[in-house]
Q: 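I have a structure I would like to understand better, so I am pasting it below and will then ask my questions one at a time.
Here the structure is a predicted model, which means the values were calculated and not measured.
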Amino acid sequence: IVPAGLTDACASTIGLPYWCNRNFIAVVFLLCPITPLSLKKNLRDLGFASLFGLSSVLYAIVLVSQDSVKAIEKDQVKLNSPGGPEWVVISPAIFFALPIVCLAYMNHPNVHAVMEELENPTRARVKEMILISETMPTVLYLIMGILGYMRFGDLTLDDILLNYTGMSWTNTVIFNTARLAMVLCLVVSFPLILFPCRMCLHALLKDALPDSLKHFGGSFYFKGETIFILVISYATSYLVPQIKTAFGLTGAITGCMMVYVLPPLFYMKIKKVGPCDSWYGFFSGLLMFVGGLMSIVCTTAIVYQEITGKS
């Protein structure tokens with residue numbers, strides 16, 4: 001909603017009120033609803049938040065899709081490429097894009113918590129849940145990506161909603177509601193991501209704490225770990241100017257490890273096979289190598305672009 005170039009300094013110099021300040025808006029969302037939702041102790045209690053986030057995404061996709069279809073029907077598309085649409089574009093932006101795609105499918109940490117909430121968590125039902133949860137966003141990504149590119153072509157921005165500028169007052173309001181919907185989606189998704197993070201943090205701290213700090217009740221540690229993660233997250237959002245940088249680095253480091261490196265490593269460890277023992281071992285080792293290489297290259301490229309300002 002707030003323009004990308006709006007910072008603490010320019011918010012005051014251009015005469016905008018304090019509530020347009022990016023950091024003020026972040027604090028408001030942090031206090032409500034992020035903190036109350038983050039203090040929920042069961043994933044089942046976050047079901048409505050997940051449904052609300054999905055509805056917000058669907059709303060934005062419907063708006064972009066209908067606008068793209070209307071533009072295509074009226075021959076108002078903005079494909080600047082002489083030979084038509086470019087299906088593959090290689091540019092420095094790919095180092096941000098690949099990790100974000102990897103991050104989009106990093107649902108591994110929540111699998112065990114979701115299994116505990118299933119009434120009959122059989123292997124077949126868990127596989128069905130994973131298949132549906134991966135297929136649905138893939139279809140939505142394809143719809144948004146294809147129709148969005150067919151609408152704006154080479155002018156498509158990282159956030160396609162930023163392409164909708166200079167419109168009538170009515171369309172401006174409509175697409176601003178889509179931006180608000182995406183903000184709300186991120187807000188209600190945060191507690192879902194925090195849930196496994198808090199579990200891992202607790203597992204690391206419970207044996208490392210000195211005996212003098214182990215006599216407090218479980219609620220004390222639960223709230224303390226939650227607040228600690230929230231504070232670190234807000235500090236990161238304050239220091240990192242663009243969300244694509246946070247998504248890119250998280251995807252390049254954590255995403256590549258959990259999607260490409262660790263699964264084949266676990267397979268080779270469980271099956272006790274090496275890259276030269278079988279075809280499965282060979283492809284597992286190859287996947288580990290490609291994932292590790294992609295993590296190093298993308299992380300280096302993102303850090304370099306942020307330091308030098310080149311893109």
Q: Without swapping roles, check the side chain of Asp159 against the backbone of Leu161 for a donor-acceptor pair under 3.5 Å.
A: yes
Q: First locate atom CD1 of Ile253, then atom CE of Met258, and finally report the distance between them rounded to the nearest 0.5 Å.
A: 14.0 Å
Q: So which heavy atom on Gly248 is nearest to which on Ile100, and how close?
A: N-CG1, 3.9 Å
Q: What's the spacing between Leu265 CG and Ile270 CD1 if we round to 0.5 Å?
A: 9.5 Å
Q: Which distance, rounded to the nearest 0.5 Å, do you find between the CG of Asp45 and the CG of Leu39?
A: 11.5 Å
Q: Tell me whether Tyr105 shares a hydrophobic cluster with Ile193, the cluster being built from Ile, Leu, Val, Met, Phe, Trp, Tyr side chains joined at under 4.5 Å.
A: no
Q: Does any N or O in the side chain of Gln66 come within less than 3.5 Å of the main-chain N or O of Leu63, such that one atom is a donor and the other an acceptor?
A: yes
Q: Just by distance, with hydrogens left out, do Tyr149 and Ser68 show a side-chain donor and acceptor under 3.5 Å apart?
A: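 The answer is no; no qualifying pair exists.
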Q: Is Met167 atom CE crowded by more than 12 heavy atoms from other residues, nucleotides or ligands, each under 6.0 Å away?
A: yes
Q: Below 4.0 angstrom, N of the basic side chain to O of the carboxylate: do Arg198 and Glu225 qualify?
A: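 So Arg198 does not pair with Glu225 through a salt bridge.
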Q: To the nearest 0.5 Å, how far apart are CZ in Phe29 and OG1 in Thr35?
A: 12.5 Å
Q: Check Val114 against Met129 and note the closest heavy-atom contact, atom names and distance.
A: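 Distance-wise, the nearest heavy atoms are CG1-SD, 3.1 Å.
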Q: Look only at the side chain of Thr250 and the backbone of Phe247, and say whether a donor-acceptor pair between them is shorter than 3.5 Å.
A: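 No.
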Q: Does Ile34 belong to the same Ile/Leu/Val/Met/Phe/Trp/Tyr cluster as Phe52, with side-chain heavy atoms less than 4.5 Å apart forming each link?
A: yes
Q: Check whether more than 12 heavy atoms from other residues, nucleotides or ligands sit under 6.0 Å from atom CD of Glu128, and answer yes or no.
A: no
Q: What orientation do Tyr280 and Tyr267 show, parallel under 30°, tilted 30 to 60°, or perpendicular over 60°?
A: tilted
Q: Between Phe152 and Tyr164, is the ring centre distance below 6.0 Å?
A: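 Ring centres of Tyr164 and Phe152 closer than 6.0 Å.
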Q: Mark yes when over 12 heavy atoms from residues, nucleotides or ligands other than Phe222 sit less than 6.0 Å from its CZ; otherwise mark no.
A: yes
Q: Can you check whether Gly47's main-chain N or O pairs, donor with acceptor, with Ser50's side chain at less than 3.5 Å?
A: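 Not a single qualifying donor-acceptor pair exists.
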Q: To the nearest 0.5 Å, tell me how far Phe175 CZ sits from Asn163 CG.
A: 10.5 Å
Q: Side-chain heavy atoms under 4.5 angstrom apart, residues restricted to Ile, Leu, Val, Met, Phe, Trp, Tyr: same cluster for Val231 and Ile229?
A: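 In one cluster: no.
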Q: Nearest heavy-atom pair of Pro264 and Met288: which atoms, and what distance?
A: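 For Pro264 and Met288, the tightest heavy-atom pair comes out as CG-CG, 3.3 Å.
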Q: Looking at Leu230 and Phe190, what are the two nearest heavy atoms and their distance?
A: CD2-CE2, 3.3 Å
Q: Quick check: is Ile174 connected to Leu58 through a chain of hydrophobic side chains (ILVMFWY, heavy atoms under 4.5 Å apart)?
A: yes
Q: Counting N and O atoms only, with roles assigned by atom type, does the side chain of Arg151 sit under 3.5 Å from a partner on the main chain of Val64, one being a donor and the other an acceptor?
A: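 Checked: no pair found.
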Q: Examine the side chains of Thr177 and Tyr59 and answer whether a donor and an acceptor come within less than 3.5 Å of each other.
A: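 The criterion, which ignores hydrogens and geometry beyond distance, is satisfied for Tyr59 and Thr177.
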Q: Please walk me through it: do Val188 and Phe48 pass side-chain contact (heavy atoms from CB on, under 4.5 Å)?
A: CA-CA 9 Å; Val188 298; Phe48 72 97; over 6 Å; no
Q: Kindly give the heavy-atom pair with the smallest separation between Gly291 and Cys256, and that separation in Å.
A: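 Closest pair (atom of Gly291, atom of Cys256, distance): O-CB, 3.8 Å.
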Q: Donor-acceptor pair, distance only, cut-off 3.5 Å: does the side chain of Asp277 make one with the backbone of Gly274?
A: yes
